[in-house]
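Please see the structure below; I have some questions.
To find a chain, count down the sequence lines: A is the first, B the second, and so on, and within it residues start at 1. These numbers come from a predicted model, not from an experiment.
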Protein chains: 2
Amino acid sequence: MAWTLDDSRPIYLQIEDLIKANIIAGVYQPGQKLPSVRDLAAEAAVNPNTMQKALSELERSGLVYTQRTSGRFITEDVSKMTELKEQIAREQIQLFLKNMEQLGLSREDIRRLLEKEWKEES
Amino acid sequence: MAWTLDDSRPIYLQIEDLIKANIIAGVYQPGQKLPSVRDLAAEAAVNPNTMQKALSELERSGLVYTQRTSGRFITEDVSKMTELKEQIAREQIQLFLKNMEQLGLSREDIRRLLEKEWKEES
DNA sequence: ATTATTGTATTACTTTATTAATACAATAGA
DNA sequence: TCTATTGTATTAATAAAGTAATACAATAAT
C-alpha cells in the first residue's frame, strides 16, 4: 500500500480515504484481517492514535468492524458494501444536482454537459 | 435578504455562498452597488471583519469588484459571469465524475442513476 | 479644506481541530 | 494462569482557523 500523504488535509482523513478506496476497489477482501493499529501506523509512519482515529472513523461506514482483542476485519457482508456504495452514489448525485441547479442549469443542460465532458476525455 | 446563519460552517463562508447565489440568481443586478461592509455587517448581525472576509473572498471569483472609497459593485461584465458559471459547472462535473468512478460506476450507470433520481423527484 | 464614508491592515483573542504521549482494558494463545 | 497483542480512553500539547477590536488610509461629498 502506498501511503502517500501530504499536508493539504488532515492525515487521518487521507488515511481513511486511502483505506476506503482500497476496500471498495477490492484490494482488501471481505473478511480479511487488517494489520493492527500499531503495525499500520508504523507502515504509514504516523502516530498510532492518528491511525486509530482514521480506522474508527472508517468503522462508522460499516466497511470494517472490530473484535476487541483480535483485531479489525473487512466486513463479510457484501450486501452491506453494495448498500453503502449505493447510498454514497445517491448522496453524490443529489449534491451534484443541487449544485448544478443553483447555477441555473436545467436537466437538459446537465445531460448535454456530461456528454460533452465524456466526449472530450475519451 | 435572509441572513439565516448556523454554526455548522464558518460564518464568512455561509455569507459568501449566500451572496454568490444571489448574484448568480440575479437578485443583485450587474453594476449595482452593494451596501457598505459595515451596513451589510449590521444587517447580517456579524462583525464587520467577518463580512469583509466574506466579500474579499467573493472578490477573488471576479463577481464583484472594489472602488477604493466608493464601495463594492457587482461586475458589469456579463460575459465574465457566464464564464465563471461555466467554469464552476465544469469543475462540479469533473469532481462528480471522479467520485462516481472511484465507486466503480460506469458511464451507463451514471446516466441511469441520474434519470432515476429525476424520475423520483418530479 | 474638512468631514464623513469607504475599504483595508494589524493585532490579539478565542475556539476548534489535529496530533501525540501515555495509561488502561480485554482476551487470544501459549 | 500468564503474557503478549489487540483496541480504547484520557489527557495534554500544538497548530490552525475564525472572529473581533481597533487603528489606518483614501477619497467622494460638502
Side-chain angles (χ1 to χ4, degrees), chain A residues 1 3-20 22-23 28-29 31-77, chain B residues 1 3-20 22-23 28-29 31-77:
Chain A
M1 175 137 183
W3 301 100
T4 46
L5 307 170
D6 56 59
D7 57 353
S8 68
R9 294 188 311 147
I11 296 177
Y12 79 94
L13 280 184
Q14 297 184 54
I15 291 176
E16 190 186 346
D17 287 349
L18 279 174
I19 298 179
K20 187 185 280 179
N22 277 351
I23 294 176
Y28 290 119
Q29 291 300 314
Q32 179 177 349
K33 181 175 184 301
L34 284 170
S36 76
V37 173
R38 291 167 179 79
D39 284 353
L40 281 172
E43 197 185 317
V46 300
N47 185 285
N49 269 328
T50 305
M51 184 58 71
Q52 161 72 16
K53 178 153 189 179
L55 290 170
S56 62
E57 288 289 320
L58 185 55
E59 202 147 330
R60 300 197 310 148
S61 70
L63 283 182
V64 303
Y65 66 94
T66 296
Q67 253 163 6
R68 193 67 169 85
T69 57
S70 305
R72 277 201 176 75
F73 301 84
I74 310 297
T75 182
E76 299 97 0
D77 188 344
Chain B
M1 174 134 184
W3 302 99
T4 45
L5 306 171
D6 57 57
D7 57 354
S8 69
R9 292 188 311 145
I11 296 177
Y12 79 96
L13 279 184
Q14 296 184 57
I15 291 177
E16 190 186 345
D17 286 349
L18 279 174
I19 299 179
K20 186 184 281 179
N22 279 351
I23 294 176
Y28 290 119
Q29 291 300 315
Q32 180 176 347
K33 181 175 186 299
L34 285 170
S36 76
V37 173
R38 289 166 179 80
D39 285 353
L40 281 171
E43 198 186 315
V46 300
N47 185 284
N49 268 329
T50 304
M51 184 57 71
Q52 162 72 14
K53 179 154 188 177
L55 289 171
S56 61
E57 289 288 322
L58 185 54
E59 202 146 330
R60 300 197 308 147
S61 71
L63 283 181
V64 304
Y65 66 96
T66 297
Q67 252 162 6
R68 193 68 169 85
T69 58
S70 305
R72 275 200 178 76
F73 303 84
I74 310 296
T75 182
E76 300 97 359
D77 188 345

Whichever of A/Ser70 and A/Arg9 has the more 5' nearest nucleotide on DNA chain C, that residue is A/Arg9
Those residues at least two apart in sequence (or on a different chain) that pass side chain to side chain donor-acceptor pair (under 3.5 Å) with B/Asn47 are none
Sorted by chain and number, sequence neighbours left out, salt bridge (Lys or Arg N to Asp or Glu O under 4.0 Å) with B/Glu43 holds for none
So A/Gln52, base contact, sugar-phosphate only, or nothing? Heavy-atom distance under 4.0 Å. base
Residue pairs passing the salt bridge (Lys or Arg N to Asp or Glu O under 4.0 Å) test with at least one member in residues 46-62 of chain B, sequence neighbours excluded, are B/Glu57-B/Arg60, B/Glu59-B/Arg72
Residues at least two apart in sequence or cross-chain that pass salt bridge (Lys or Arg N to Asp or Glu O under 4.0 Å) with A/Asp17, listed by chain then number, are A/Arg9
Sequence neighbours excluded, the answer for side chain to side chain contact (heavy atoms under 4.5 Å, CB included) partners of B/Ile11 is B/Leu5, B/Ile15, B/Val46, B/Thr50
Sequence neighbours excluded, the answer for side chain to side chain contact (heavy atoms under 4.5 Å, CB included) partners of A/Ser61 is A/Leu58, A/Leu63, A/Leu84
So, with a heavy-atom separation below 4.0 Å from DNA chain C, the residues of residues 34-50 of chain B are B/Ser36, B/Val37, B/Arg38, B/Asn49
5'-most to 3'-most nt of DNA chain C touching chain A (<4.0 Å, heavy-atom partner on protein side) reads C/dT18 to C/dA28
Residue pairs meeting ring pair (Phe, Tyr, Trp, His ring centres under 6.0 Å), one or both in residues 39-59 of chain B, sequence neighbours left out, come to none
For B/Glu76, the side chain to side chain donor-acceptor pair (under 3.5 Å) test, sequence neighbours excluded, returns B/Tyr65
In numerical order, the residues of residues 10-20 of chain B whose heavy atoms come under 4.0 Å of DNA chain C are none
Taken in chain and number order and not counting sequence neighbours, the residues that satisfy side chain to side chain contact (heavy atoms under 4.5 Å, CB included) with A/Asp7 are none
Rounded to whole Å, the NZ-C1' distance (B/Lys53 to D/dT19) equals 9 Å
Of all heavy-atom pairs linking A/Met51 and A/Ala44, the shortest is CE-CB, 3.9 Å
